[in-house]
Structures are given as C-alpha cells and as structure tokens.
Amino acid sequence: KGAAFASSRPSTLKTTQELVFKLVEVAPQGSSTADNVVDLIQQHGLKAKKPKVVKFAATLVLQLVQEFGTSVFNVSKLSAVHETLVANSNDKIRAVGIEVLAELCRTFGSKTPLQALVDKLKKSQQSQLDSLLDKQPTAKHPSRRLRCMRGVQIATQSPEEALAALKKNEEEEKLERFASRPAVNLLQVLPQTCYSDKIKEAKWSEKVAALNALIEAGG
C-alpha cells in the first residue's frame, strides 16, 4: 500500500510496480479487479501528502494504461485520476495527469468525448495536451495482456468501438446509481417541502413545482 509507495529503495519500488502489474494481469475476465487496483492507488498514492509518493503512484497508473490499454479500465476511474493529478501543486505530477488524459483521447480518436475534462484545463495545459496528441495521435498497441485473454484473437479496438463502450458503461453506471438509491419515506419527507402548499394553487406552474418537489423528495 502507501508504505511501499513511500520507500526510498529502488528495488522496493520496482517490486511494488511489478506486484501491481501482476494484480491487473491475473484479473478474471469481466471482473472489476483492474478498477479496484486504480482505486487503491488513488486512495493510498495519489492522495498522499508526500510528493514523491504521489509522483510514483501517478506514473504507475500511466504505465498501467500504456501497457494494458485503456479498455481494461473504467474511463470514469481514469478520469478521476486525471482530475486528481491536474489539481496537484507539483508541475511534474500535473504533467502526468495530462498524459493520462492524452491516452484517453487517443483511445477515442478525439478530445470531443472528454471535452468536459479538457474545458477544465488551463490554456497552458490544453496546449500541453495538444502537443502530446500531435506527437502521437493514436494509441499504441498494448504491450501486456490480461492472462485470461492470452491465446484469444483480439482485434484492435477502433475509436468508434471505444466510444460505444464508453456510452454503454455510462448508461450502466447510471442504472447502478439509480438502483442503489436509499429508500425514502415520503410521508416523512413531504412535509419538509413546498408540495402541500403549491399543489393547492390554481396556476399549473405551481402544481408543476409541487410535482417537482415530490420527485426530488423521492430521490
């Protein structure tokens, strides 16, 4: 965990890196192991107080993406990593965050699917991103594969396929969030809203406001 990330011994850092790579490599097909690994790196590395720990963890995520490809990971996880890194006060760490975003842009063949993230960047960071994409516009073929996929003929994922996968994943996450909403006792919650007052009004706009209050109360 974080203790290994903070080691001053190159051999320990190398072993830590290989262990993390191995955890991803042996992940079962369809499992969330790779995303769980990114979550742990985010928690124990990217949010650490020591810059050297953050830099090691940031570089580790970037190497995972470059060697296994972005398709192994959830885009929302990598986007969160990017946002954490570009908000760091260390310019070298911010630079790694831009590289993570560049890898995502290469996967989709464009910045457009990630425009919301691009728009949050400073002008100098946007220029840095453009420079990275000019030098390498497309993603390189992954140098490592999940062990469960060895021997399986895998075609290179096109930007269109990557974008379709992104949209599908976003829809699945949306459904999961919807399904995991906590139960609400409307009889207890409604008195705290404007529902009872506005629903009695003659104007339709007031009744709509009452219905919206009901919807919001239900989560």
Side-chain angles (χ1 to χ4, degrees), residues 2 5 13 17 20-21 24 32 34-144 156-174 176-177:
F5 288 2
L13 294 176
Q17 179 193 54
V20 171
F21 274 50
V24 173
S32 60
D35 290 329
N36 292 339
V37 168
V38 172
D39 282 339
L40 287 172
I41 295 175
Q42 174 90 294
Q43 180 182 353
H44 297 286
L46 301 183
K47 295 183 179 180
K49 295 181 179 180
K50 295 181 179 180
K52 74 172 186 177
V53 175
V54 180
K55 189 172 187 303
F56 174 77
T59 303
L60 187 55
V61 174
L62 179 60
Q63 291 172 332
L64 283 171
V65 172
Q66 291 174 333
E67 298 208 21
F68 286 99
T70 57
S71 62
V72 173
F73 306 93
N74 188 306
V75 172
S76 64
K77 301 289 185 183
L78 298 181
S79 297
V81 167
H82 156 75
E83 293 196 278
T84 298
L85 295 179
V86 295
N88 197 281
S89 59
N90 186 296
D91 60 339
K92 292 183 179 179
I93 293 173
R94 292 197 301 272
V96 177
I98 300 299
E99 290 194 63
V100 171
L101 181 57
E103 290 294 339
L104 289 171
C105 291
R106 291 177 185 126
T107 298
F108 299 121
S110 168
K111 295 185 294 185
T112 302
L114 302 159
Q115 196 61 48
L117 295 177
V118 175
D119 290 342
K120 293 180 183 179
L121 298 175
K122 297 178 180 178
K123 292 296 183 182
S124 59
Q125 292 174 322
Q126 291 185 14
S127 297
Q128 187 178 355
L129 175 62
D130 290 338
S131 178
L132 288 171
L133 295 177
D134 286 341
K135 291 179 181 177
Q136 183 191 329
T138 58
K140 293 182 179 179
H141 193 276
S143 58
R144 293 198 184 200
T156 302
Q157 189 180 47
S158 68
E160 292 77 15
E161 290 171 330
L163 184 57
L166 172 63
K167 291 181 178 179
K168 179 181 178 182
N169 185 66
E170 289 176 340
E171 286 298 319
E172 290 175 348
E173 288 186 339
K174 183 178 179 181
E176 287 178 2
R177 288 195 299 271

Please report the shortest heavy-atom distance between [X] and [Y], naming the atom on each side.
| X | Y | value |
| --- | --- | --- |
| V118 | Q126 | O-NE2, 3.1 Å |
| H44 | A48 | O-CB, 4.2 Å |
| L129 | K111 | CD2-CD, 3.9 Å |
| A58 | L85 | CB-CD2, 3.6 Å |
| G45 | F5 | CA-CD2, 3.7 Å |
| D39 | K77 | OD2-NZ, 3.0 Å |

- Message: By the definition side chain to side chain contact (heavy atoms under 4.5 Å, CB included), identify the one residue from L114, L133, L132, V81 that meets it with L101.
- Response: L114

- Passing candidate, side chain to side chain contact (heavy atoms under 4.5 Å, CB included) with L60, options L46, V65, I41, V37: I41

- Query: Counting only N and O atoms by type, is there a donor-acceptor contact under 3.5 Å from the side chain of N74 to the main-chain atoms of D35?
  - Reply: no

- Message: For the backbone of S127 and the side chain of S131, can you confirm whether one donor and one acceptor N or O come within less than 3.5 Å of each other?
- Response: no

[X] side chain near [Y] side chain, heavy-atom distance below 4.5 Å:
| X | Y | value |
| --- | --- | --- |
| Q66 | E103 | yes |
| V54 | N90 | no |
| Q63 | F21 | yes |
| R94 | Q128 | no |
| V72 | L64 | no |
| V61 | L78 | yes |

If I take atom [atom1] from residue [X] and atom [atom2] from residue [Y], how far apart are they, to the nearest 0.5 angstrom?
| X | Y | atom1 | atom2 | value |
| --- | --- | --- | --- | --- |
| Q125 | D91 | CD | CG | 10.5 Å |
| I98 | I93 | CD1 | CD1 | 13.0 Å |
| Q115 | S110 | CD | OG | 8.0 Å |
| L121 | E83 | CG | CD | 9.0 Å |

- Query: Under the ring pair (Phe, Tyr, Trp, His ring centres under 6.0 Å) test, which residues partner F73, sequence neighbours left out?
  - Reply: none

